[in-house]
Amino acid sequence: MSELQFVRLGFGTDAVEYRTAWNKQREVHAARFADEIGDTCLLLEHPPVYTAGRRTQDSERPLDGTPVVDVDRGGKITWHGPGQLVGYPILKLPRPVDVVAHVRRLEEALIRTAAEFGVATTRIEGRSGVWVLGDPVEQRPSLGGLSLDFDPRLTDEEFDPRLHGPEYAPSNAGQRREDRKLAAIGIRVAKGVTMHGFSFNVNPDNAWFDRIIPCGIRDAGVASLANELGRDVTVEEVLPVVEKHLRDVLENAEPKPREIERPVETASA
């Protein structure tokens with residue numbers, strides 16, 4: 001892939017409103033499609049905002065009617081805000097486009113970033129993003145004094161953790177020693193060029209996630225680098241590390257087009 005350029009749009013008091021950044025993405029996307037610029041990654045923080053991908057269900061949105069920005073990426077609902085590093089890699093991919101491979105490359109860069117800070121993360125089959133694995137179910141603390149055998153999330157697909165107190169809050173997944181997502185990924189590919197990207201929880205107030213069903217997942221929660229390390233970590237500290245690993249993974253990738261299997265022609269009698 002071509003040399004990756006990073007654009008730092010704004011952090012802290014200069015955090016970029018979501019719709020402003022979305023418009024910037026569109027501008028950069030059009031320029032990349034026209035080959036007016038090379039591959040570019042926008043990096044920033046957002047003021048607090050909920051965004052919903054195309055697969056978001058009404059039951060996963062805030063119960064109190066808090067506004068949500070509906071976007072054209074894949075995935076479901078999530079939150080962006082202070083303490084979270086957001087990246088929008090706008091890259092031209094070969095055709096036919098392999099979206100899954102692009103997601104895996106982003107995950108790899110973020111897994112390497114977490115590892116450099118001493119946090120072991122991984123992928124979970126069927127769930128995009130970067131995860132801190134919890135303890136085996138039998139070793140986790142019981143909820144509300146009940147055995148995990150009675151955990152309603154395991155038997156009730158419509159169970160809403162928001163209606164059952166802090167025991168089930170996504171932000172408390174670390175205390176429950178459950179699987180918890182450190183970085184979320186949601187993308188769109190239009191005209192062979194990627195948009196949207198990832199959010200990496202450095203040191204946000206994860207209680208914002210308790211008002212939604214993050215990524216539509218009811219039996220796991222969210223993590224942050226600071227909580228996992230038990231110390232303060234800043235976006236400024238993480239930013240160059242993310243850039244280093246994104247550059248290494250994306251520039252050295254060989255995103256070859258998928259081989260198309262063609263049916264074997266058999267001679268007829």
Side-chain angles (χ1 to χ4, degrees), residues 50-53 55-57 59-63 75-81 83-85 103-104 106-108 110-115 117-186 198-233 238:
Y50 293 105
T51 71
R55 296 191 300 110
T56 302
Q57 300 178 14
S59 61
E60 297 161 351
R61 296 169 181 264
L63 296 174
K76 295 196 171 190
I77 191 168
T78 192
W79 171 84
H80 300 307
Q84 183 188 76
L85 175 58
V103 171
R104 294 293 172 265
L106 297 182
E107 289 171 345
E108 180 62 26
L110 299 177
I111 287 171
R112 293 183 188 184
T113 297
F117 282 90
V119 176
T121 57
T122 188
R123 300 176 178 89
I124 292 181
E125 185 67 29
R127 293 180 170 179
S128 68
V130 173
W131 292 81
V132 178
L133 289 184
D135 294 340
V137 172
E138 63 274 9
Q139 296 178 18
R140 298 176 190 172
S142 60
L143 297 176
L146 297 176
S147 165
L148 282 171
D149 292 340
F150 297 96
D151 186 345
R153 296 172 301 173
L154 303 180
T155 56
D156 183 358
E157 293 182 356
E158 298 302 320
F159 179 81
D160 194 331
R162 297 169 294 184
L163 303 177
H164 293 80
E167 294 98 349
Y168 296 98
S171 62
N172 290 331
Q175 298 177 28
R176 298 191 298 268
R177 308 307 303 165
E178 294 177 345
D179 296 345
R180 47 209 184 271
K181 184 179 283 192
L182 181 64
I185 295 176
F198 66 85
S199 55
F200 188 93
N201 294 330
V202 178
N203 192 14
D205 178 1
N206 276 347
W208 284 94
F209 288 101
D210 296 343
R211 300 168 72 178
I212 59 174
I213 307 295
C215 302
I217 298 173
R218 300 171 186 270
D219 61 346
V222 291
S224 72
L225 202 59
N227 285 345
E228 295 301 319
L229 292 172
R231 66 175 178 85
D232 188 41
V233 187
V238 174

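Not measured: the values here are computed from a predicted model.
- Residues meeting the side-chain contact (heavy atoms from CB on, under 4.5 Å) test with Leu63, sequence neighbours left out: Asp160, Arg162, Leu163.
- A salt bridge (charged side-chain N to carboxylate O under 4.0 Å, His left out) check over residues 207-217, counting only residues at least two apart or in different chains, returns the pairs Asp64-Arg211.
- Across all their heavy atoms, Val130 and Leu110 have their closest contact at CG2-CB, 3.8 Å.
- Side-chain contact between Lys181 and Pro214 is absent, with no heavy-atom pair separated by less than 4.5 Å.
- By the side-chain contact (heavy atoms from CB on, under 4.5 Å) test, Thr56 pairs with Ala52, Glu60, Arg61, Lys76, Ile77, sequence neighbours left out.
- Within the model, atoms OG of Ser128 and CZ of Arg104 stand 7.5 Å from one another, a figure rounded to the nearest 0.5 Å.
- Residues in residues 204-233 take part in these ring-ring contact (aromatic ring centres under 6.0 Å, His included) pairs, two or more places apart or across chains: Trp79-Trp208, Trp79-Phe209.
- By the side-chain hydrogen bond (donor to acceptor under 3.5 Å, both in side chains) test, Glu108 pairs with Arg112, Arg123, sequence neighbours left out.
- Here the side chain of Glu107 pairs a donor or acceptor atom with the backbone of Gly129 at under 3.5 angstrom.
- Nearest heavy atoms, Phe198 versus Ile185: CB-CG1, 4.0 Å.
- The two residues Phe159 and Pro161 have their closest heavy-atom pair at O-CD, 3.4 Å.
- For Leu133, the side-chain contact (heavy atoms from CB on, under 4.5 Å) partners at least two apart in sequence or on another chain are Thr122, Ile124, Asp179.
- Heavy atoms only, all atoms of each residue included: Pro204 and Ser224 are closest at CD-CB, 3.7 Å.
- Minimum heavy-atom separation, Arg176 to Pro166: NH1-O, 4.0 Å.
- Annotation: side chain of Thr78 is in contact with side chain of Thr51 (closest heavy-atom distance under 4.5 Å).
- Across every non-hydrogen atom of Arg218 and Ser59, the tightest pair is NH2-OG, 3.6 Å.
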